[in-house]
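Take a look at the structure set out below.
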Amino acid sequence: QALQPYAAEPSPFTRVLKSELPDVADDAWTLFALAMKTADVSSVSDSGSLGMFELRPRRLADLGIMKNVKPGNARATGSMRWSGEWIPPLSQKKFLASAEEQYKAFAASMRKYLEALNSGVIKEEGDLSAAGMLAVLHRCGPNGLKTWATGERFEETIDLVNKTDGIF
């Protein structure tokens with residue numbers, strides 16, 4: 001049976017997923033992944049986030065999926081969109097066509113963020129659960145928890161944290 005309490009549209013998941021994180025139950029991981037799916041598979045946001053999990057090029061570079069990632073020229077283009085080169089066999093077209101590739105990248109990102117939290121490389125801030133902290137990190141990057149703890153928050157991040165905090 002599929003768990004879909006947060007899916008605003010049909011879910012790409014048809015079953016409970018095997019958890020990608022140690023000590024997180026499969027059903028909790030599935031709820032978290034569903035909550036973190038915030039866009040269509042083929043979408044590119046105005047800020048340059050890609051796919052159903054709205055992964056940013058900088059994070060894709062951290063994961064070894066892109067390289068030579070750099071910010072756009074906001075003065076020239078009016079946007080701070082980051083761009084870079086895709087590492088074959090992936091391309092933007094292939095990535096945006098594949099829910100499986102996006103899920104693999106998302107899962108790898110969550111594992112890396114959790115490892116950084118557990119090792120102290122990223123300091124836990126505030127009173128969020130592990131799922132809530134991962135949502136902030138996903139949206140705001142490694143310094144996101146510090147910013148979150150000071151009260152600087154964007155509405156989209158607040159909504160995402162409200163959906164995920166306490167799942168695990």
Side-chain angles (χ1 to χ4, degrees), residues 5-8 12 19-24 28-75 77-84 86 92 95-96 99 101-168:
Y6 301 119
S19 179
E20 297 284 341
L21 302 177
D23 302 321
V24 173
W29 170 256
T30 302
L31 288 173
F32 178 71
L34 288 170
M36 295 292 287
K37 181 199 170 290
T38 55
D40 292 327
V41 171
S42 62
S43 69
V44 179
S45 75
D46 291 341
S47 64
S49 298
L50 301 160
M52 64 184 174
F53 297 107
E54 297 189 76
L55 288 154
R56 292 178 167 86
R58 287 178 70 183
R59 188 60 176 163
L60 293 171
D62 292 342
L63 299 170
I65 296 170
M66 292 182 80
K67 64 182 180 180
N68 300 325
V69 174
K70 53 189 172 236
N73 183 341
R75 288 185 188 167
T77 65
S79 171
M80 275 301 291
R81 277 184 134 176
W82 289 70
S83 62
W86 290 85
Q92 181 167 316
F95 187 77
L96 293 177
E101 289 297 334
Q102 292 174 34
Y103 176 76
K104 287 184 342 188
F106 166 74
S109 178
M110 295 302 100
R111 285 190 303 270
K112 280 186 83 164
Y113 276 140
L114 186 62
E115 289 170 11
L117 283 166
N118 289 339
S119 70
V121 170
I122 296 176
K123 186 176 183 248
E124 293 184 21
E125 302 275 352
D127 59 354
L128 296 173
S129 69
M133 285 187 280
L134 290 174
V136 171
L137 288 165
H138 179 72
R139 277 278 186 223
C140 307
N143 291 320
L145 290 177
K146 289 179 192 171
T147 303
W148 182 266
T150 67
E152 292 183 53
R153 301 173 183 175
F154 293 101
E155 193 64 38
E156 284 184 4
T157 307
I158 293 168
D159 292 344
L160 189 61
V161 170
N162 286 340
K163 289 180 182 179
T164 58
D165 194 36
I167 291 177
F168 54 84

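Computed from a predicted structure; not experimentally measured. Reckoned from all heavy atoms, side chains included, excluding hydrogens, waters and symmetry mates.
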Inset, instruction - Could you go through the side-chain hydrogen bond (donor to acceptor under 3.5 Å, both in side chains) check for S109 and R59 one step at a time? - result: CA-CA 8 Å; S109 178; R59 188 60 176 163; 2.8 Å; yes

Check for a donor-acceptor pair, side chain of [X] on one end and backbone N or O of [Y] on the other, with a separation under 3.5 Å.
{"X": "T147", "Y": "E152", "answer": "no"}
{"X": "R139", "Y": "T157", "answer": "no"}
{"X": "H138", "Y": "F53", "answer": "yes"}

Can you confirm whether [X] sits close enough to [Y] that some side-chain heavy atom of one is under 4.5 Å from a side-chain heavy atom of the other?
{"X": "L134", "Y": "T164", "answer": "no"}
{"X": "F106", "Y": "M36", "answer": "yes"}
{"X": "V44", "Y": "Q92", "answer": "yes"}
{"X": "M133", "Y": "L117", "answer": "yes"}
{"X": "V41", "Y": "L96", "answer": "no"}
{"X": "L31", "Y": "F168", "answer": "no"}

Inset, instruction - Please work out whether the ring planes of F95 and W86 are parallel, tilted or perpendicular, with thresholds of 30° and 60°. - result: tilted

Legend entry - Mutual orientation of the aromatic rings belonging to Y103 and W29 [parallel < 30°, tilted 30-60°, perpendicular > 60°]: perpendicular

Legend entry - Other residues, nucleotides, ligands: >12 heavy atoms within 6.0 Å of R58 CZ: no

Legend entry - Test side-chain contact (heavy atoms from CB on, under 4.5 Å) applied to A116 - qualifying residues, sequence neighbours left out: V121, I122

Inset, instruction - Would you please name every residue forming a side-chain contact (heavy atoms from CB on, under 4.5 Å) with S45, sequence neighbours left out? - result: S47, S49, E54

Legend entry - Trace of the side-chain contact (heavy atoms from CB on, under 4.5 Å) decision for V136 with L128: CA-CA 9 Å; V136 171; L128 296 173; 3.7 Å; yes

Inset, instruction - Kindly indicate whether a cation-pi arrangement holds for R56 with W82, taking the cut-offs as under 6.0 Å to the six-membered ring centre and within 45° of the axis. - result: no

Inset, instruction - Mind checking the CG-CD spacing from L50 to Q102? Nearest 0.5 Å is all I need. - result: 8.0 Å

Legend entry - Value rounded to 0.5 Å, distance of CD in E101 from CG in L55: 11.5 Å

Legend entry - All pairs passing side chain to side chain donor-acceptor pair (under 3.5 Å) where residues 110-136 contributes a residue, at least two apart: E20-R111, S129-D165

